Amino acid sequence: MMRFMIAALMLLLSAAPAAAQIKVVATLPFIGSLAQEIGGDRIEVVTLVKPGQDAHYAEARPSMILAARKADILMYNGLDLEIGYLPRIMESSGNPNIQPGAAGNFDCSRFVSVIEKQAGVDRSMGDVHPMGNPHYVFSPKNIASVASGMSRALSEADPANAGYYKHNFKQFRQKLAKKQKEWRKKTLRGKTFVAYHKYFEYLASEYGFRIIAYIEPKPGISPSAGHISALLDLMKRRKPSAVLATYSSGAKEAEYVGQAAGIRTILLPNDVGAAATAGDWFSLMDTVMNSL
Amino acid sequence: MRDKFLFIVVLLLFSLSPGICLGDDIENRLKGLEATLKAQGEMIKEQQEVIKALKDQLETARQKSGPTTRDTASSEKEPTHDNQSAKESADDKGWKLTGLFGSSNLANPNISLTLNTFGYHSNLKQSVLSGRGIPGYTNSGLTNTKGFNLDSAELGFFAPVDPYFNLYATIPISEEGVELEEAYFVTTSLPYGLQVKGGKFKSGFGRLNSQHKHVWDFVDLPLPYRAFMEGEGITEKGVQLTWLPALPVYALFGIEALQGENATLFGSDANIGPHAFTAFVKMSLDLDADSTILFGPSVITGKTKTDTVAENTVFQGSSTLFDWEMTYKWKPSKQKSLTIQGEYLYRTQKGNLTDNNTELTSRLSRGQDGLYVQAVYQLGLWRLGARFDALNLLATEYSPAGEQPDFGSLPWRASAALDYSPTEFSKIRLQYNYDKSGRDHAANNEIFLQLILAIGAHSAHPF
């Protein structure tokens, strides 16, 4: 025991000098990817939720608590998306830096123009998010302001490198402006789609297409046979361009519905790293825009 | 924008008028004029679009900041692409409610209510069940009634007190009345990975002990928990200190000082003042992206005075309970998971055993043990679980007055459970127990049909 304690202490001491980098813990892969984009080599990013894992249903593994324990900044999606595990991770970490209200508690949704806020909801309506649709990952407009917020938060945490973060953000913004021109060329305006889950609402509102129906009868509720047959009827009448789902959520159901209705099914990565072509946020967006 | 446009038009008119007066090659000039106007028209269109975008932005910014007014003076504006920067200034310094604990409000804590109800049947008579202890371990019987059972409707409260404390309370309401099962604070702002918990809480001892009933994988606790701790394990008044050092691997160290009122382990009047102490270590490693192990030892020790050792006796002395826990979890997706979990418990008791009838006192020194191993496989909304638990494995000595009484065969039990959760707020479970813990020839074949429903605040799931 004594020997172990000594070893533990030595590890602690040896860990101390490496603390020059700002330690960022991001809940979701796209948040980690954005932080890396802005923070470059001055920060160390640990991402808690695996790519391709459903962000609603992750579990608070002890390793996540340990990562949060060491964090200077915790960056999360917010809007109740991580409610099943993040409060526990934050409390169990015992890390004062990242508690609500502390400087290292970075809720990305603070920088988002949230859509679909809902009042007077209850759980008979499924897994609803009263604070609004939390899936803003596919929203270039909002991601730009999240990135800007990150650059400011990092500058505050690490004023010595403020210029570096600002510079990285400017580059990010320029790249985004260029990319957006490319994405805008895509003619999506007026198109209609059917989707499994409410993943694509921000994208729809920015690029002018519409999601006319969902395979989930209610958010987070698996479809019944009755709902599917009603949906197929609707699809025959309305003839949407395609059925959308992510690889990790509703892929099987979407393919089934697509086949039954004779309509193309498009499977998309739900986050950075969920497809081989989606290595960072830009390539994630490229993958999504090229698939639509 | 409009002013600028007017200015340009006026300027244009002025610059053009001399040309008209000249009368010379008017056609050319008209053509030029037409081209300029066309260009102007396009410019107007573009600018109108920009104005519209700005208006939209202003609107969203207004909605966003809503009724709460914030200090916007200190905003350092960072021009973003697409002319959008207006809305950011509002959020620069002010803290928006994060929604981490659900729809936050200050007037009320987060409240949840969990209903735990089950139907029960056994091949044994009700009178036999209520007298059926585990000879050599406990003489208190089973509490389930054949037919409908209402375990409890459990109220849960939690909220941050201030930037330094979170407060929790668990209040199960049953037909017997209201109980304050837990009421404790947890610190959030201590340095060096330290955390203090105090009040009445579930001890960090072992694995199942700190879990609430409604997150158990089976309706009931395994035999060693029943034999050594009874009820729902060690829930005590006291204080806990944990330390999570910033090591490369997860290692949580904890100690507790507790009042020591667990009836089976210590008895309620064992000593005056806190007299039970625990220490535990929990370590965890991620084996790969999908699998995790969690393991570690725990110990609880304290002064004991109980009457549960044997009929008509009082035991006075000390008890120490050791625990080794091990959990392996494989979870490649939300659709599929496998959890294998086990605990080995070993108890020593040293002291005097007094026979109430004869008032003779003999020296008691015994070691007893038990374990359980369970596996739960989840596929979609369904989960299938199997559990084996047994007592009296390695440590069997029991020597009041130097003789070893014969308590009968090895106490063991096997269980199977199938549960279905339509959402994370509801669960229906069917469980079968083949229970040979009575140490006689009779097996207790038990069947449970349990329903667990939760409303209110969304609590975070334990690992």
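Basis for what follows: all heavy atoms, side chains included, without hydrogens, waters or symmetry-related copies. Worth saying up front: this structure is predicted, and the values here are computed from it rather than measured. Lettering follows sequence order; numbering is per chain, from 1.
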(request) Taking the side chain as every heavy atom from C-beta outward, state whether B:Tyr168 and A:Glu91 have any pair of such atoms under 4.5 Å apart. (result) yes
(message) Looking at every heavy atom in both B:Leu381 and A:Ser222, which two are closest together, and how far apart are they?
(response) CD1-OG, 4.2 Å
(request) Compare every heavy atom of B:Lys334 with every heavy atom of A:Tyr57, then report the nearest pair and how far apart it is. (result) CD1-CD, 3.6 Å
Let me know if [X] has heavy atoms under 4.5 Å from chain A in its side chain, its backbone, both or neither.
X	answer
B:Tyr164	neither
B:Lys331	both
B:Pro332	backbone
B:Glu424	side chain

Engaged part of [X] at the chain B interface, taking heavy atoms whose separation is under 4.5 Å:
X	result
A:Arg88	both
A:Ile65	both
A:Asn95	backbone

Answer yes or no: is there a donor N or O on one side and an acceptor on the other, between the side chain of [X] and the main chain of [Y], under 3.5 Å?
X	Y	answer
A:Arg123	B:Gly456	yes
A:Lys70	B:Leu247	yes
A:Arg61	B:Asp286	no

(request) With a 4.5 Å cut-off on heavy-atom pairs, point out which of B:Ser284, B:Pro191, B:Pro422, B:Ala289 contacts chain A the most. (result) B:Ala289
(request) Residue by residue, scan residues 292-299 of chain B and write down, ordered by number, those that have a heavy-atom distance under 4.5 Å to chain A; if none do, write 'none'. (result) B:Thr292, B:Leu294
Atom pair [atom1]/[atom2] of [X] and [Y] - distance to nearest 0.5 Å:
X	Y	atom1	atom2	result
A:Gln99	B:Ser189	CD	OG	6.0 Å
A:Ile221	B:Thr423	CD1	OG1	6.0 Å
B:Phe463	A:Ser92	CZ	OG	12.5 Å
A:Asp80	B:His458	CG	NE2	8.5 Å

